[in-house]
Amino acid sequence: MKNLYLVVVLLALVLSIAESFDFQENELESEDSLWDLYERWRSHHTVSRSIDEKNKRFNVFKKNVKHVHETNKMDKPYKLRLNKFADLTNHEFKTMYAGSKIKHHMMFRGAPSGSGSFMYANVENVPATVDWRKKGAVVAVKDQGQCGSCWAFSTVVAVEGINQIKTKKLVSLSEQELIDCDTQQNQGCNGGLMEYAFEFIKKKGGITTESNYPYKAEDGSCDASKENAPAVSIDGHESVPENNEDALLKAAANQPVSVAIDAGGSDFQFYSEGVFTGKCGTELNHGVAVVGYGTTLDGSKYWIVRNSWGAEWGEKGYIRMQRGISHKEGLCGIAMEASYPIKKSSTNPKPSSPIKDEL
């Protein structure tokens, strides 16, 4: 047993070292030392580039290194880091990872499509802090890759959460089913809306597991045999009153909530830790999920936001975003387009074919 424990500790140490990538100020002093830093970054992230591409990417990398270094010298409540996006321009980053066009879909949707009610409207008292991860309602962070499918990941987090709350079973669900099969209004890797996805899941009688319909990070044809093996069902969804952080707080105190944000800024691109207070607008381009909230020792209020860029980004895949700002739409528009699924029953449909729950 002691040997097993030692192996687990050593593995955790190796993983923590592998996830970290730091640099010293003296590595920025010359072109040669910057090249060495870039080569070290490429090796760390196993990024392969052609000679011509390396020269181009190196110039991008230098600008990003300067931005990270200069920002971290400021007295901000958050820090940046050279992560896997370090040789992408901000435009390229936004196109690849924050290009879900949520605001575009909202324009053509019209009024929100939920039930029209807000079940938490009369909630008066909420806990000072809530973390649905600690309550066992959130699966491990996933990675959407270069596919604008964040809307599917945001939807799935909320459904996984309410299912665990109602059934006490945490089941990892399939984003790929939504990408391949929910195509009447959503557009797979070209973006979509979480509300449309909730409607799809309700109408289809549920959604299958991740293990039954694995993620491929690309558009595909709907596999009916897998789609027709629902593991978790919902009874509908509701929208959180728009531009109302207090309403979002009431909802998040009771279940994980799907939200849309503007995640296209350079500080967001390289966020590493702390309470994010960075510059961002309300050009909603990325779907994420609020899985809790809290307050730091110095009194800074924050949302716990689960992202879908892998565990290497941010705080092991999460970001703490400033809560309770003066703008009614919230930081990065977090209170503009929030919604959550409704599940009344503690049971789920029995699939027509056996599937394996992914815990």
Side-chain angles (χ1 to χ4, degrees), residues 112-123 126-127 130-140 142 151-178 181-182 186 192-213 226-241 247-260 287-293 304 306 308 337-352 355-359:
S113 56
S115 65
S117 61
F118 178 53
M119 67 170 66
Y120 302 119
N122 297 323
V123 171
V126 298
V130 169
D131 189 340
W132 288 108
R133 298 172 298 181
K134 295 180 179 179
K135 295 175 180 286
V138 185
V139 307
K142 303 176 184 180
W151 59 273
F153 285 82
S154 173
T155 299
V156 162
V157 174
V159 176
E160 290 168 342
I162 194 61
N163 180 67
Q164 191 279 337
I165 292 167
K166 292 294 185 179
T167 70
K168 308 306 178 186
K169 293 181 179 179
L170 183 60
V171 182
S172 183
L173 301 173
S174 174
E175 294 85 8
Q176 194 65 43
E177 178 186 344
L178 296 178
C181 305
D182 180 16
N186 286 325
L193 274 183
M194 290 75 83
E195 288 190 80
Y196 291 157
F198 289 140
E199 290 177 22
F200 171 83
I201 294 170
K202 179 189 175 184
K203 290 177 181 177
K204 292 296 295 183
I207 181 172
T208 196
T209 64
E210 176 81 17
S211 57
N212 187 53
Y213 205 146
K226 295 179 179 179
E227 180 197 23
N228 292 325
V232 171
S233 61
I234 59 174
D235 297 299
H237 74 281
E238 290 183 343
S239 297
V240 177
L248 179 56
L249 185 71
K250 292 179 180 181
N254 286 277
Q255 64 185 98
V257 179
S258 294
V259 295
V288 290
V290 171
V291 296
Y293 57 85
I304 303 171
R306 184 184 187 273
S308 52
E337 180 70 9
S339 56
Y340 54 87
I342 300 168
K343 186 174 178 65
K344 301 174 182 177
S345 173
S346 61
T347 60
N348 280 306
K350 292 184 178 180
S352 55
I355 55 177
K356 176 184 177 184
D357 284 354
E358 192 174 286
L359 301 179

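Every value quoted in this text rests on a predicted model; they were computed, and no experiment measured them. Hydrogens, waters and symmetry mates are skipped; everything else that's a heavy atom, side chains included, is used.
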Undergrad: Measure the CD1-CZ distance between I234 and F200 for me, rounded to the nearest 0.5 Å.
TA: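 It is 11.0 Å, given to the nearest 0.5 Å.
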
Undergrad: Between R306 (side chain only) and A140 (backbone N and O only), is there a donor and an acceptor less than 3.5 Å apart?
TA: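 It does hold such a pair.
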
Undergrad: Between CG of L173 and CG of N212, what distance do you get to the nearest 0.5 Å?
TA: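 L173 CG to N212 CG: 11.0 Å, rounded to 0.5 Å.
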
Undergrad: I need the minimum non-hydrogen distance between A137 and Q164, along with the two atoms involved.
TA: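 Distance-wise, the nearest heavy atoms are CB-OE1, 3.3 Å.
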
Undergrad: Looking at side-chain heavy atoms only, is the closest gap between N186 and L178 below 4.5 Å?
TA: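 Of all side-chain heavy-atom pairs linking L178 with N186, none is under 4.5 Å.
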
Undergrad: For a 4.5 angstrom cut-off between non-hydrogen side-chain atoms, does I342 reach K202?
TA: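 They are not in contact (no side-chain heavy atoms under 4.5 Å apart), so the answer is no.
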
Undergrad: With heavy-atom distances below 4.5 Å as the criterion, would you say the side chains of V156 and I207 are in contact?
TA: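 Yes; the side chains approach each other to less than 4.5 Å.
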
Undergrad: Using only atom types and a distance under 3.5 Å, with no angle test, would you say the side chain of W151 pairs donor to acceptor with the backbone of A197?
TA: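 No, because the side chain of W151 does not come within donor-acceptor range (under 3.5 Å) of the backbone of A197.
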
Undergrad: Can you tell me how far CD of E238 sits from CE of M119, rounded to the nearest 0.5 angstrom?
TA: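 It comes to 4.0 Å.
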
Undergrad: Out of curiosity, L248 CG to Y293 OH, how far, rounded to the nearest 0.5 Å?
TA: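 Going from the CG atom of L248 to the OH atom of Y293 covers 10.5 Å.
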
Undergrad: Grab the two heavy atoms, one from A252 and one from W132, that are nearest each other, plus how far apart they are.
TA: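 Reported closest heavy-atom pair: O-NE1, 2.8 Å.
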
Undergrad: P256 versus I165: any side-chain heavy-atom pair under 4.5 Å?
TA: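 The answer is yes, as the side chains (C-beta and beyond) meet within the 4.5 Å cut-off.
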
Undergrad: Using distance alone, with no hydrogens and no angle criterion, decide if E227 and Y213 have a side-chain donor and acceptor under 3.5 Å apart.
TA: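 No, no side-chain donor-acceptor pair sits under 3.5 Å.
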
Undergrad: Which value, rounded to the nearest 0.5 Å, describes the distance between Y120 atom OH and Y340 atom OH?
TA: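 With rounding to 0.5 Å, OH (Y120) is 6.0 Å from OH (Y340).
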
Undergrad: Is there a side-chain contact between K135 and V130 (heavy atoms, below 4.5 Å)?
TA: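 A side-chain contact under 4.5 Å exists here.
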
Undergrad: Considering only NZ, NE, NH1 and NH2 on the basic side and carboxylate oxygens on the acidic side, decide whether E177 and K204 come within less than 4.0 Å.
TA: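 Salt bridge absent between E177 and K204.
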
Undergrad: For the residue pair K343 and N348, confirm or rule out a side-chain donor-acceptor distance under 3.5 Å.
TA: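 There is such a pair between these side chains.
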
Undergrad: Give me the atom names and distance for the closest heavy-atom approach of S258 to F198.
TA: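 For S258 versus F198, the nearest heavy atoms are OG-CZ, 3.5 Å.
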
Undergrad: Hey, does V290 have a side-chain heavy atom less than 4.5 Å from the side chain of I304?
TA: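 Contact flag for I304/V290 side chains = no.
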
Undergrad: Is the closest side-chain heavy-atom distance between T155 and I201 below 4.5 Å?
TA: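 The answer is yes, as the side chains (C-beta and beyond) meet within the 4.5 Å cut-off.
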
Undergrad: Between V257 and V259, does the side chain to side chain contact (heavy atoms under 4.5 Å, CB included) criterion hold? Intermediate values first, please.
TA: CA-CA 6 Å; V257 179; V259 295; 4.2 Å; yes

Undergrad: Test Q176 against E210 for side chain to side chain contact (heavy atoms under 4.5 Å, CB included), laying out the working first.
TA: CA-CA 8 Å; Q176 194 65 43; E210 176 81 17; over 6 Å; no

Undergrad: Quick one: closest heavy-atom pair of P241 and A247, and the distance?
TA: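 Closest pair (atom of P241, atom of A247, distance): CD-CB, 3.9 Å.
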
Undergrad: Write down the atom of S154, the atom of M194, and the distance for their closest heavy-atom approach.
TA: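 For S154 and M194, the tightest heavy-atom pair comes out as OG-CG, 3.4 Å.
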
Undergrad: Can you name the closest pair of heavy atoms from T208 and A229 and give their distance?
TA: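 So the two residues come closest at OG1-O, 2.9 Å.
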
Undergrad: Any side-chain heavy atom of E337 within less than 4.5 Å of one from V240?
TA: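 No - every pair of side-chain heavy atoms lies 4.5 Å or more apart.
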
Undergrad: Output the distance between atom NZ (K344) and atom CG (D235), rounded to the nearest 0.5 Å.
TA: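 So the gap between those two atoms works out to 5.5 Å.
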
Undergrad: I'd like to know if the side chain of K250 and the backbone of V126 have a donor-acceptor N/O pair within less than 3.5 Å.
TA: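 No.
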
Undergrad: Are a donor atom and an acceptor atom from the side chains of E195 and S239 found within less than 3.5 Å of each other?
TA: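 Indeed, the side chains of E195 and S239 share at least one donor-acceptor pair under 3.5 Å.
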
Undergrad: Do K142 and E160 meet the salt-bridge criterion of a basic N to acidic O distance under 4.0 Å?
TA: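 Here E160 pairs with K142 in a salt bridge, since their nearest N and O are under 4.0 Å apart.
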
